[in-house]
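Note that this is a predicted model, so its numbers are computed, not measured. In what follows, chains carry the letters A, B, and so on, assigned in the order in which the sequence lines appear, proteins first and then strands, with residues in each chain numbered from 1.
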Number of protein chains: 2
Amino acid sequence: MPDLPSALDVTQRLGYRLKRAAAALRGAMDRGLREHGLTVPQYACLELLDQQPGLSNAELARGTFVTRQSMNVVLRGLQDGGLITRPATTEHGRALPAHLTEEGRRRLAAARGVVYAIDQRLADAVPAERLPGLLADLDRLSAAFDE
Amino acid sequence: MPDLPSALDVTQRLGYRLKRAAAALRGAMDRGLREHGLTVPQYACLELLDQQPGLSNAELARGTFVTRQSMNVVLRGLQDGGLITRPATTEHGRALPAHLTEEGRRRLAAARGVVYAIDQRLADAVPAERLPGLLADLDRLSAAFDE
DNA sequence: TCCGGCATGTCAGGAGTTTGACATGGCGGA
DNA sequence: TCCGCCATGTCAAACTCCTGACATGCCGGA
């Protein structure tokens, strides 16, 4: 594919660069987690539940940037696999708090290695002194569409 | 969802920030392009073909970060919609060069407005003097997994 | 010359995700 | 109190995308 050094080149736009970086990350995550029998949303779900036990389906969905419906499927899969538990009913409200099982904690611990390595590889790719600024800029991009 | 100011907080990791920013962008693109009856891959495909007419299926797939198979579906849709043309056969090799039709150029021109606005909104979200550095850092992240 | 490797386009199957819709359960103002 | 509003969990259907696989067509070294 020939280079096209135009001022209007799509590849010069911020959105394109962001998408490309995210695609690279997603690919690395998919490959790394497959060895542990987990998908990216499943891992994200486990990680969130480890840090904040008792999160509901909707809260997990927001935390992993998918819809409630998608997270529902993910939770069902994790539940069938015995990685999490969720009460069938609740006394107050409708939100069902999810918790990791012992097996869930084990699987999460096993998968963390590859994910941490990927994150470290990302961090190592940018000059150390630029990292805090990069994190702040990414936050600004995330908030750009919050109204 | 309560805050958790831990050093190991998932939300502090580079990968999480990147994913969140990309999710925000993807959502804005989806919403904006839906008004024009286009999906994100479809738009990306049209934009690439406008700048580099004659790209093949595989080249377009690499340029938009999807598989050849997915791009094949996208191209078929665009072809059925009369936005692009592709020869049924070729004299040399197997790659089939795709080109925009007049209608394709019109639809692309119409959709560009919202996409450019989104990109501008992104660019406006970061301090102007930081933008070049941010673009460079995103490139470094993309290249982090190229080996 | 020939053959192995490589890239391309395509088909089939399945997994994941989304949109749309509905019923249930708090919450707060009228 | 009551009723509208919002959030939640869930179902159904459609769509998108991926993995796996196969056949075709160049290109290189043996």
Side-chain angles (χ1 to χ4, degrees), chain A residues 1 19 22-46 49 54-81 84-98, chain B residues 1 19 22-35 37-45 49 54-81 84-98:
Chain A
M1 204 152 33
K19 183 178 174 184
L25 170 62
R26 175 71 190 227
M29 291 280 285
D30 279 336
R31 284 190 299 273
L33 285 174
R34 187 169 321 149
E35 308 166 8
H36 295 277
L38 291 175
T39 65
V40 171
Q42 282 176 338
Y43 164 78
C45 184
L46 292 179
L49 280 178
L55 286 183
S56 70
N57 177 19
E59 289 171 322
L60 288 167
R62 281 191 292 269
T64 56
F65 318 112
V66 297
T67 60
R68 280 173 297 157
Q69 294 88 329
S70 298
M71 182 50 67
N72 199 341
V73 178
V74 172
L75 283 182
R76 188 177 300 273
L78 290 174
Q79 208 165 357
D80 292 347
I84 67 165
T85 55
R86 216 170 22 150
T89 63
T90 180
E91 304 173 358
H92 191 75
R94 282 197 88 197
L96 303 175
Chain B
M1 206 154 31
K19 183 178 174 184
L25 170 62
R26 176 69 190 230
M29 289 280 285
D30 279 336
R31 286 190 298 273
L33 285 175
R34 187 170 320 151
E35 308 167 8
L38 291 175
T39 65
V40 171
Q42 282 176 340
Y43 164 78
C45 185
L49 280 178
L55 287 183
S56 70
N57 178 19
E59 289 171 322
L60 288 167
R62 280 192 294 268
T64 56
F65 318 111
V66 296
T67 60
R68 280 172 297 156
Q69 294 86 330
S70 298
M71 181 51 66
N72 200 342
V73 178
V74 172
L75 283 182
R76 190 177 299 274
L78 290 174
Q79 209 166 358
D80 292 347
I84 66 165
T85 54
R86 217 170 24 150
T89 63
T90 178
E91 304 173 356
H92 191 74
R94 281 199 87 196
L96 303 175

For Y43(A), all residues meeting ring pair (Phe, Tyr, Trp, His ring centres under 6.0 Å), sequence neighbours excluded: none
Close side-chain approach of N57(B) to R86(B), heavy-atom, < 4.5 Å: yes
Short side-chain N/O contact from N72(B) to OP1 or OP2 of dT10(C), under 4.0 Å: yes
Residue-phosphate contact under 4.0 Å: R76(B) side-chain N/O, dC11(C) OP1/OP2: yes
Distance in angstrom units between F65(A) CZ and dT17(C) P, rounded: 14 Å
Minimum side-chain heavy-atom gap L75(B)-L96(B) below 4.5 Å: no
Interatomic distance where CG belongs to L33(A) and P belongs to dA15(C) [whole Å]: 18 Å
Between CG on residue N72(B) and CD on residue Q69(B), distance to nearest 0.5 Å: 8.0 Å
Atom-to-atom span, CG of L60(A) to C1' of dG9(D) - whole angstrom: 13 Å
S70(B) vs dT16(D): side-chain N/O to OP1/OP2 distance below 4.0 Å: no
Phosphate OP1/OP2 of dC18(D) contacted by T67(B) side-chain N/O (<4.0 Å): yes
Nearest-neighbour nucleotide for the R34(B) side chain, dT19(C), dT8(C), dG9(D) considered: dT19(C)
Rounded distance in Å - CG (L75(B)) to P (dT10(C)): 9 Å
Phosphate OP1/OP2 of dT8(D) contacted by S56(A) side-chain N/O (<4.0 Å): no
Selected nucleotide, minimal atom distance to V74(B) side chain, candidates dT19(D), dT8(C), dC17(D): dC17(D)
Any N/O donor-acceptor pair, Q69(B) side-chain to dG20(D) base, under 3.5 Å: yes
Residues R26(B) and D30(B) bridged, charged N to O under 4.0 Å: yes
R68(B) side-chain N/O to dT19(D) phosphate OP1/OP2 under 4.0 Å: no
Separation of dA15(C) P from D80(A) CG (nearest whole Å): 14 Å
Rounded distance in Å - CD (Q79(A)) to P (dT10(D)): 9 Å
R86(B) side-chain N/O to dT10(C) phosphate OP1/OP2 under 4.0 Å: yes
Nucleotide of dA21(D), dT18(C), dC17(D) approaching V66(A) most closely (side-chain heavy atoms): dT18(C)
Residue mapping more 5' on DNA chain D - nearest nucleotide basis, D30(A) or Q42(B): Q42(B)
Atom pair distance, as rounded to whole Å: CZ in R26(A) and P in dC17(D): 12 Å
Atom-to-atom span, CE of M71(B) to C1' of dC11(C) - whole angstrom: 18 Å
